[in-house]
Q: 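Mind looking over this structure? Questions follow.
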Amino acid sequence: MPYLRNAEFAGSLLDFPSKIQIQTTNRCNYTCPMCPYPESAGGREGVRLDDALYHRLIKEVREAGRRVKLCLMLQNEPLLDKRFLDLLDEAHRAEDAIASISTVSNGSVLDTAMLDRLMTYERFFLTLSINATDRERYREIHGRDFWDRVHGLLSNWNGPRRRLRLSFVLDSRSVDEARRFQEYWRSLGYWTRFVPINARVDEMTQNARVHEFDESYGHCHYPVDTLNVLADGSVILCCNDWKHLDRYGNLRTQGISEVWNGPQLTRLRKAALEGTLREHPMCKACDYPVRSSQRLRLESMVSQEPAALEGGGAQPHVVHETSLRAPGLSSPLPALVWAVDVPEGEVTLLMPREAADQLPEAVLLELRIGHAGAFNFGALEPVWCPGKVRLEGPAAGTEDAVILRVTLDRSREEFQFLRWYSEDWATRAAPATAAPLLAANR
């Protein structure tokens, strides 16, 4: 299959997906009320992805000279596919093409032996959708009673838990239950993750969302970094399109790059970068909470810990952690964003004084799109934009921090992410108030 490139993005950051999400079978065995399955997504047909197509997709990534994140799940229960371990094994062996593999499962078909086997793959990350701490809520949320099996497995399992997360779908009625969920499962040594409920592109409007619908925000990482492949080989825009309203090609007859750089996805990718994705009919009603400051506030709601430092203006502001790279540094140096001036291409940072002393004039600034905390299960990889740094002076109110200004190179492709970065994060932190966070990031 030829590796075709769109001339506009040829040789760029954007001419190939950085994540591929694959539905290897379109079946699920649960009937969760917050999910459109099986009325949507064609779950009753029992379609399976062709083995030959799966092999070819990995080969195409390798031949493109890329290394992608792979998610073996899309609108389905992935472990119902009896080939799952074989598919995982092939992807894990393709280390030159596949940087990491992940999946999200309800865990109903897991046993100790399979869980132990999954954790032998060091680049594999597993999320289990549990949503409960007792049988009654588990049955209410999932429509099936596998509580004893799932709870018994996780309670008694002695394996490594670093690459295993337990998730909770958060709506406006379940914040208290989410706190109990976090406390209970963390006491057993598990990481927890909260997934804010959404309407699945107007498919589940009865869902009681806990976040505000951000009508003005038109950026989204899905058209920019993720190729979503259904079991029949067709490509949809994102995991929230359960009706499969738009299809952008079929990988049974087309290559990854041919579909990815086709006119429709190219147009949507530009819109997502420019902040005009709301003009696309399917995206107009989407309430997927892609804005990072909004997601931090949801985490704060559950943890009952402050996530925002209040700045001026009507909107609450969050302190955004970033980092700088430079030749000669063994690892990136952490910093906090204080302000962003998009027209001038300048980002003002707060940084520990001793770290700033290590910086040369030429640096790379991390523009991370999407919150890197509990919600991040596939957002855009960090983009590093070249720039020049200069010291502005000591930060008022603290002796340990200084203010730096980074002027980015506006001729570089990476610079186009600055506006998205700025709009994604509302940043206006007072230096004195940020001092404890600076200390914690040394």
Side-chain angles (χ1 to χ4, degrees), residues 17 19-32 35 37-38 41-62 68-95 97-130 142 144 146 149-150 152-154 157 159-167 190 193 195 226-236 239 251-252 256 377-378:
K19 178 183 176 184
I20 300 179
Q21 190 156 348
I22 298 178
Q23 180 190 73
T24 67
T25 175
N26 64 346
R27 295 177 53 236
C28 185
N29 58 343
Y30 276 19
T31 56
C32 305
C35 177
Y37 185 92
R44 293 189 178 91
E45 291 88 345
V47 179
R48 293 200 331 164
L49 189 83
D50 293 339
D51 288 344
L53 175 55
Y54 183 78
H55 305 327
R56 200 196 81 215
L57 294 179
I58 294 178
K59 181 181 178 183
E60 280 193 54
V61 175
R62 178 180 291 117
V68 303
K69 293 188 287 186
L70 175 65
C71 180
L72 293 175
M73 187 279 300
L74 178 61
Q75 302 174 344
N76 70 326
E77 169 46 52
L79 299 187
L80 292 179
D81 190 335
K82 297 185 182 302
R83 306 169 298 168
F84 187 85
L85 287 173
D86 292 332
L87 299 173
L88 171 59
D89 188 68
E90 180 177 351
H92 199 268
R93 282 187 280 108
E95 187 172 0
I98 308 298
S100 65
I101 310 108
S102 63
T103 199
V104 181
S105 167
N106 58 42
S108 61
V109 301
L110 272 179
D111 56 23
T112 300
M114 186 175 188
L115 189 52
D116 286 341
R117 169 81 180 275
L118 290 172
M119 291 297 108
T120 64
Y121 297 95
E122 66 271 10
R123 299 198 323 280
F124 176 69
F125 298 85
L126 174 63
T127 298
L128 296 179
S129 182
I130 306 298
H142 295 291
R144 301 291 299 276
F146 284 95
R149 179 185 180 95
V150 174
L153 171 65
L154 294 174
W157 186 56
R161 299 179 181 184
R162 181 175 59 86
R163 287 177 285 115
L164 174 57
R165 297 182 297 181
L166 308 184
S167 72
Y190 290 100
R193 187 191 88 189
V195 182
T226 306
L227 184 75
N228 294 277
V229 186
L230 297 176
D232 65 1
S234 59
V235 172
I236 59 174
C239 60
L251 294 173
R252 287 179 173 176
I256 292 174
F377 55 108

Q: Please evaluate residues S102 and K69 with respect to the criterion side-chain contact (heavy atoms from CB on, under 4.5 Å), reporting the C-alpha separation (whole Å), side-chain torsions for both, the decisive distance (0.1 Å), and the verdict.
A: CA-CA 8 Å; S102 63; K69 293 188 287 186; over 6 Å; no

Q: Do the side chain of R123 and the main chain of A99 share a donor and acceptor less than 3.5 angstrom apart?
A: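 At least one qualifying donor-acceptor pair exists.
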
Q: I need the L57 CG to L227 CG distance, nearest 0.5 Å.
A: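 Between L57 CG and L227 CG, I get 8.0 Å after rounding to 0.5 Å.
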
Q: Which pairs count as salt bridge (Lys or Arg N to Asp or Glu O under 4.0 Å) when at least one residue sits in residues 74-84, sequence neighbours excluded?
A: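 Listed once each, the pairs are D51-R83, D81-R83.
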
Q: Check for a donor-acceptor pair, side chain of T103 on one end and backbone N or O of L72 on the other, with a separation under 3.5 Å.
A: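 A pair under 3.5 Å: yes.
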
Q: What pair of heavy atoms forms the shortest contact from L230 to Q75, and how long is it?
A: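 Closest pair (atom of L230, atom of Q75, distance): CD2-OE1, 4.1 Å.
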
Q: Are N26 and D232 linked by a side-chain donor-acceptor pair shorter than 3.5 Å?
A: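 The criterion, which ignores hydrogens and geometry beyond distance, is not satisfied for D232 and N26.
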
Q: Could you state the interatomic distance from CG (L126) to CZ (R161), rounded to the nearest 0.5 Å?
A: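 Separation between the atoms: 13.0 Å.
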
Q: Would you say that D111 contacts L153 through its side chain, given a criterion of any heavy-atom pair below 4.5 Å between the two side chains?
A: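 The answer is no, as the side chains (C-beta and beyond) never meet within the 4.5 Å cut-off.
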
Q: Between R144 and Y30, is NZ or CZ placed under 6.0 angstrom from the six-membered ring centre and within 45° of the ring axis?
A: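 No cation-pi geometry.
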
Q: Side-chain contact test, heavy atoms from C-beta onward, threshold under 4.5 Å: evaluate it for R56 versus D50 and give yes or no.
A: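 The answer is no, as the side chains (C-beta and beyond) never meet within the 4.5 Å cut-off.
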
Q: Under 3.5 Å, is there a donor-acceptor pair between the side chain of Q23 and the main chain of L74?
A: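 Flag set: sc Q23 to bb L74 pair under 3.5 Å.
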
Q: Which value, rounded to the nearest 0.5 Å, describes the distance between I22 atom CD1 and L70 atom CG?
A: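 Reported to 0.5 Å precision, the distance equals 5.0 Å.
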
Q: Starting at CD of E60, measure out to CG of L53 and round the result to the nearest 0.5 Å.
A: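 E60 CD to L53 CG: 8.5 Å, rounded to 0.5 Å.
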
Q: For the residue pair R163 and L118, what are the closest heavy atoms and their distance?
A: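 In terms of heavy atoms, the two residues are closest at NH1-O, 4.5 Å.
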
Q: Is the side chain of Y190 donor-acceptor paired with the backbone N or O of L154 at a distance under 3.5 Å, no angle test?
A: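 Side chain of Y190 to backbone of L154: a pair is present.
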
Q: For residues A91 and I101, report the shortest heavy-atom separation together with the two atoms involved.
A: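 So the two residues come closest at CB-CG1, 4.0 Å.
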
Q: Between Y121 and H92, is there a donor-acceptor pair closer than 3.5 Å when you use the side chain of the first and the backbone of the second?
A: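 Such a contact is absent between Y121 side chain and H92 backbone.
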
Q: With rounding to the nearest 0.5 angstrom, report the SG to NE2 distance, C35 to H142.
A: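 One gets 11.0 Å once the value is rounded to the nearest 0.5 Å.
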
Q: In sequence, state the C-alpha distance, the side-chain angles, and the governing distance for L128 and V150, and then conclude on side-chain contact (heavy atoms from CB on, under 4.5 Å).
A: CA-CA 10 Å; L128 296 179; V150 174; 5.7 Å; no

Q: With side-chain contact (heavy atoms from CB on, under 4.5 Å) as the criterion, how do V47 and T25 come out once you've worked through the C-alpha distance, each side chain's angles and the decisive distance to 0.1 Å?
A: CA-CA 6 Å; V47 179; T25 175; over 6 Å; no

Q: To the nearest 0.5 Å, what is the distance between OG on S167 and CG on N106?
A: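 With rounding to 0.5 Å, OG (S167) is 10.0 Å from CG (N106).
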
Q: For Y54 and L88, work out which heavy atoms get closest and say how close.
A: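 For Y54 and L88, the tightest heavy-atom pair comes out as OH-N, 4.4 Å.
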
